[in-house]
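By convention in this document, chain letters (A, B, ...) are assigned in the order of the sequence lines, proteins followed by strands, and residues within each chain are numbered from 1.
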Amino acid sequence: MEILEELNSQQQQAVLAGYGPVLVLAGPGSGKTRVLTHRIAYLITHRGVHPYNILAVTFTNKAAREMEDRVIRLIGEDIRGMTLGTFHATCARILRGESNNLPFESNYVIYDADDQISIVKQALKEVQIDDKKYRPSGVHASISRAKNELILPDDFPVNTYHDEVVKRVYHHYQNLLLSNNALDFDDLLLWTAFLLEEYPEVREKYSRRYEHVLVDEFQDTNLAQYLLLNHLSSFHNNIFVVGDTDQSIYRWRGADYRNLLRFEKDYPDLQTILLEQNYRSTQEILDVAMRVIDRHPLRTPKHLFTSRPGGSKPVLHEVYDDKEESRFVVDTAADLVARDKASPGDFAVMYRTNAQSRILEEAFLQASLPYRLVGAQRFYGRREVKDIIAYLRLVQNPDDEISLARIINIPRRGIGDKTLFALYTLSQQTNRTSGDILLELGGNRESPLNRAFNNQALANLNHLGSLLNKWKNLKEHQTPFELMDTIIKDVNYQEYIDDGSDEGHDRWENVQELRRLAYEYMDSGLEIFLERVALVSDQDTLETTTSVPTLLTLHAAKGLEFPIVIIVGLNEGTLPHSRSFDDEEEMLEERRLFYVGITRAKDRLYLISPQNKTAFGYPEPVQPSRFLDDIPTDLLEETRSLHAYPGLRSSGQYRRTFWGAAETREIPYEKKYVPGQHVQHPEWGEGMVLNSRIEGSDEVVDIFFEAVGLKRVVASLAKLVIVK
DNA sequence: ATAAAGTGACTTTTT
DNA sequence: GTCACTTTAT
């Protein structure tokens with residue numbers, strides 16, 4: 001069978017597994033996506049399963065898209081009808097079609113993280129709780145956790161006063177969402193689970209359809225997702241899940257790797273298949289990874305082995321601080337590229353928190369080297385993008401108060417606090433939403449509602465209201481793209497945002513980008529466009545082929561691989577993050593996160609440990625990450641930058657030291673190389689020093705080699721030997 | 001009603 | 001150092 005040709009025996013076993021539940025435990029780089037895609041291809045071509053009867057769920061759109069591409073490439077035919085998407089997108093689609101059994105309309109909008117926080121703030125105000133004392137983000141996290149566990153406001157357990165507050169806020173939060181005809185991310189899962197639980201006929205409809213359910217990254221499912229899968233596969237009972245407890249890094253988002261254990265218990269006739277051969281990393285890298293994860297209790301032991309022997313030892317490099325760290329990153333990349341050992345696109349720099357990216361960016365900028373940043377200032381988080389989307393959302397669903405509040409005075413149209421207050425008061429009195437009132441004001445000049453406003457305010461509201469009416473009518477005839485253009489023109493958005501400054505120009509460019517995106521939704525309607533926009537993450541926009549180094553968080557790195565991986569900030573407080581210190585489970589998750597980072601590397605791995613970090617803008621001494629203690633010294637090549645304190649890690653074991661403020665002095669540095677000197681380079685042989693200068697904490701030397709000509713090298717990296 | 005200036009709080013990861 | 005939010009001045 002052609003489909004099986006490029007698979008090892010374990011992979012084949014998984015692909016060919018018969019009916020019933022199947023669990024594939026797949027180590028990093030063991031080809032789990034390959035197994036999933038081949039399985040789908042096999043079901044369609046050899047078992048005669050119609051694509052319409054297959055459901056495949058992933059966590060990111062990118063994973064879904066990749067899976068789709070690979071299946072199409074494999075079987076070279078149409079897979080139309082197959083449900084392949086993220087949990088959230090799949091649920092959104094189901095909910096759209098089943099709103100008759102649900103307390104919201106099918107034109108609901110999906111609130112993003114910022115909108116959700118706004119709603120929490122509003123709810124806090126309603127129950128008269130000071131949002132200084134109860135941080136909206138914290139309260140939201142509690143609500144989100146409850147939703148992931150399918151706990152509704154009435155069932156929210158109360159043990160402390162804090163719980164009591166959360167419970168009340170949760171109640172109002174949920175009501176506010178419904179009165180806005182809006183759902184948050186968690187609702188998509190929650191309401192779908194509820195729907196399938198409460199309505200047997202709906203459950204049967206979907207579970208009959210999905211003869212085969214396949215799930216990627218199963219260790220990241222939360223309880224809501226677990227039950228969802230349970231219901232969706234309840235009729236045929238063909239559920240095929242792939243996962244790896246060692247790569248579970250989303251506990252904070254409700255993910256529970258114990259779902260794997262639960263799965264084993266709930267499905268006694270389960271077939272379990274282990275994928276242990278790694279096709280990605282060299283043995284040297286895998287050895288380090290195993291040392292880190294072996295310390296992890298509660299895991300299914302896997303014996304990873306690789307078909308790729310003979311690489312170089314991973315490097316552990318100690319630096320004085322994060323500034324020096326980023327310089328080392330840039331120097332290493334530049335040096336390897338200069339020596340033709342790598343191309344710029346081979347590098348990935350991974351860090352624990354997004355905040356760490358800024359200093360790295362600065363270093364790349366300073367060296368005038370291009371880079372690609374994943375996440376951080378998100379496209380969809382940009383003010384101008386959110387503005388345009390808010391307009392569109394309001395057209396889609398006029399009850400969306402959050403979007404209305406956002407754009408009611410953007411661009412400025414003289415609707416200030418006073419007018420807003422009058423509008424909200426009227427909204428309360430008439431029990432109608434603000435958008436509804438606005439529509440009436442715009443549509444009926446003689447409306448009795450006019451009396452609530454003074455002349456000036458009324459004129460402003462009338463204007464916006466009639467525009468909204470116009471757009472609402474256009475929605476039926478125009479594509480999202482055309483509608484967007486109409487709105488932009490009607491409100492003079494370009495004039496407002498592109499104010500002649502560089503920043504304004506960039507912002508207008510972003511609007512253009514959004515227009516281009518809308519252009520792709522020519523025949524799918526506003527609803528679908530808004531849904532996609534709400535459910536894309538920034539990783540999804542990450543193109544797989546680039547020719548520049550990638551900067552990304554360890555979380556964002558999951559599922560990716562790079563020839564050369566540099567993990568920065570390996571110190572206590574950063575990795576592991578200080579928030580995990582007092583929670584054993586969270587500490588284990590930090591360890592897995594480190595493991596995920598290491599196992600992204602194919603050929604080379606650099607671990608960087610700074611001795612000081614910048615917190616709140618001021619430097620502060622830190623200890624090396626405890627995870628480094630678990631890696632025997634002989635598995636690493638240990639180096640240190642010139643400014644770093646020596647002797648942190650001596651023969652065999654780590655010696656933990658604590659260095660105080662008194663020692664944070666500048667270490668004097670003198671040039672080691674002088675013009676005219678002869679040096680030996682491991683690659684390029686003998687050469688003569690032409691020039692040398694101190695740059696940052698390093699010495700940059702220009703050398704003329706007899707064999708290769710003029711080269712510029714960084715002294716600490718180039719392993720030069722002075723020839724007497 | 002708006003712009004400028006000041007304050008404080010926070011930094012984990014995201015569909 | 002940065003963001004969001006508040007106060008103050010125009």
Side-chain angles (χ1 to χ4, degrees), chain A residues 57-64 85-92 110-114 116-118 121 131-133 135-138 140-141 144 147-148 183-190 192 217 220-222 224-225 248-255 322 350-359 362 374-378 380-381 383 409-421 456-457 460 531-540 552-558 569 573-581 583 586-587 589-590 592-594 596-597 613-619:
Chain A
V57 274
T58 61
F59 276 85
T60 64
N61 293 295
K62 183 170 165 281
T86 64
F87 275 98
H88 291 85
T90 306
C91 289
I110 300 168
Y111 276 175
D112 69 17
D114 291 343
Q116 291 168 32
I117 294 295
S118 305
K121 282 184 191 155
D131 65 2
K132 295 249 159 56
K133 205 147 176 235
R135 288 217 323 277
S137 61
H140 179 262
S144 176
K147 286 185 168 189
N148 289 158
L183 302 186
D184 66 13
F185 295 136
D186 303 317
D187 279 339
L188 295 171
L189 308 174
L190 181 75
T192 311
E217 309 276 19
D220 287 336
T221 51
N222 57 38
Q225 286 159 331
S248 163
I249 54 174
Y250 285 105
R251 199 180 92 95
W252 52 275
R253 224 171 82 191
D322 44 9
M350 300 177 186
Y351 37 82
R352 177 67 239 263
T353 68
N354 270 316
Q356 292 169 264
S357 72
R358 197 175 36 82
I359 191 156
E362 280 167 15
V374 179
Q377 179 52 301
R378 304 138 48 223
Y380 294 101
R383 191 178 85 206
N409 201 28
I410 285 186
R412 310 254 127 74
R413 49 175 73 92
I415 300 177
D417 286 348
K418 252 175 143 172
T419 314
L420 267 184
F421 184 74
Q456 188 57 53
N460 295 333
E531 183 181 299
R532 284 302 294 266
V533 164
L535 296 178
V536 288
S537 71
D538 296 291
Q539 266 113 82
D540 296 330
L552 75 180
T553 64
L554 287 160
H555 282 88
K558 197 174 73 158
T574 306
L575 185 68
H577 194 270
S578 46
R579 292 266 302 242
S580 68
F581 283 168
D583 186 318
E586 280 185 35
M587 182 56 79
E589 181 141 317
E590 298 290 308
R592 295 194 293 265
L593 193 53
F594 184 35
V596 166
K613 75 163 179 181
T614 317
F616 294 107
Y618 289 96

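- A/Trp252 and A/His555 have perpendicular rings, their planes meeting at more than 60° on a 0 to 90° scale where under 30° would count as parallel.
- Between A/Ser580 and A/Lys418, it is A/Lys418 whose nearest contact on DNA chain B lies nearer the 5' terminus.
- Residue A/His577 is in sugar-phosphate contact alone, with no base atom involved, counting any heavy-atom pair closer than 4.0 Å across all strands shown.
- Comparing A/Ser137 and A/Phe87, the nucleotide of DNA chain B nearest to each residue sits closer to the 5' end for A/Ser137.
- In this structure, A/Arg532 atom CZ and B/dT15 atom P are separated by 13 Å, rounded to whole Å.
- Distance CD (A/Glu590) to P (B/dT13): 11 Å, rounded to an integer number of Å.
- Out of B/dA9, B/dT13, B/dT2, the shortest distance to the side chain of A/Thr353 is found at B/dT13.
- Using a 4.0 Å heavy-atom cutoff across all strands shown, A/Lys121 reaches sugar-phosphate atoms only and no base atom.
- The side chain of A/Arg579 lies closest to B/dT11, out of B/dA1, C/dG1, B/dT11.
- Atom pair A/Leu575:CG and B/dT13:P shows a separation of 13 Å (rounding to whole Å applied).
- Straight-line distance from the CD1 atom of A/Ile117 to the P atom of B/dA9: 17 Å, rounded to whole Å.
- One can place CZ of A/Arg358 at 12 Å from C1' of C/dC3, the figure rounded to the nearest angstrom.
- For the pair A/Asp114 CG and B/dT14 P, the interatomic distance rounds to 14 Å; values are reported in whole Å.
- No aromatic stack links A/Tyr250 and the base of B/dT14, using centre distance under 5.5 Å and interplanar angle under 30°.
- Side-chain atoms of A/His88 lie closest to B/dT15 of the nucleotides B/dT13, B/dT11, B/dT15.
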Run the salt bridge (charged side-chain N to carboxylate O under 4.0 Å, His left out) test on A/Asp583 and A/Arg251 for me, step by step, so that the C-alpha distance in whole Å, both residues' side-chain angles and the decisive distance to 0.1 Å come before the verdict. CA-CA 12 Å; A/Asp583 186 318; A/Arg251 199 180 92 95; 3.6 Å; yes

Set out, in order, the CA-CA distance, both residues' side-chain angles and the distance that settles side-chain contact (heavy atoms from CB on, under 4.5 Å) for A/Glu217 and A/Thr58, then state yes or no. CA-CA 7 Å; A/Glu217 309 276 19; A/Thr58 61; over 6 Å; no

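- Among the nucleotides B/dT14, B/dT15, B/dT2, the one closest to any side-chain atom of A/Thr86 is B/dT15.
- Side-chain atoms of A/Asn460 and A/Thr419, non-hydrogen and from C-beta on, never get closer than 4.5 Å to each other.
- Checked for salt-bridge contact, A/Arg253 and A/Asp186 miss the test: no charged N lies under 4.0 Å from a carboxylate O.
- At a threshold of 4.0 angstrom between heavy atoms, the contacts of A/Asn409 are confined to the sugar-phosphate backbone, with no base atom among them.
- Here the P atom of nucleotide B/dT13 and the CG atom of A/Asn354 are 5 Å apart, to the nearest Å.
- Contact check, A/Thr553 against B/dT14: a side-chain N or O comes under 4.0 Å of OP1 or OP2.
- Rounded to whole Å, the distance from CG on A/Leu420 to C1' on B/dA1 is 12 Å.
- No side-chain heavy atom of A/Glu586 sits under 4.5 Å from any side-chain heavy atom of A/Phe581.
- With a cut-off of 3.5 Å on both Watson-Crick or G-U wobble distances, the partner of B/dC10 is given as C/dG1.
- Residue A/Phe185 is in base contact, counting any heavy-atom pair closer than 4.0 Å across all strands shown.
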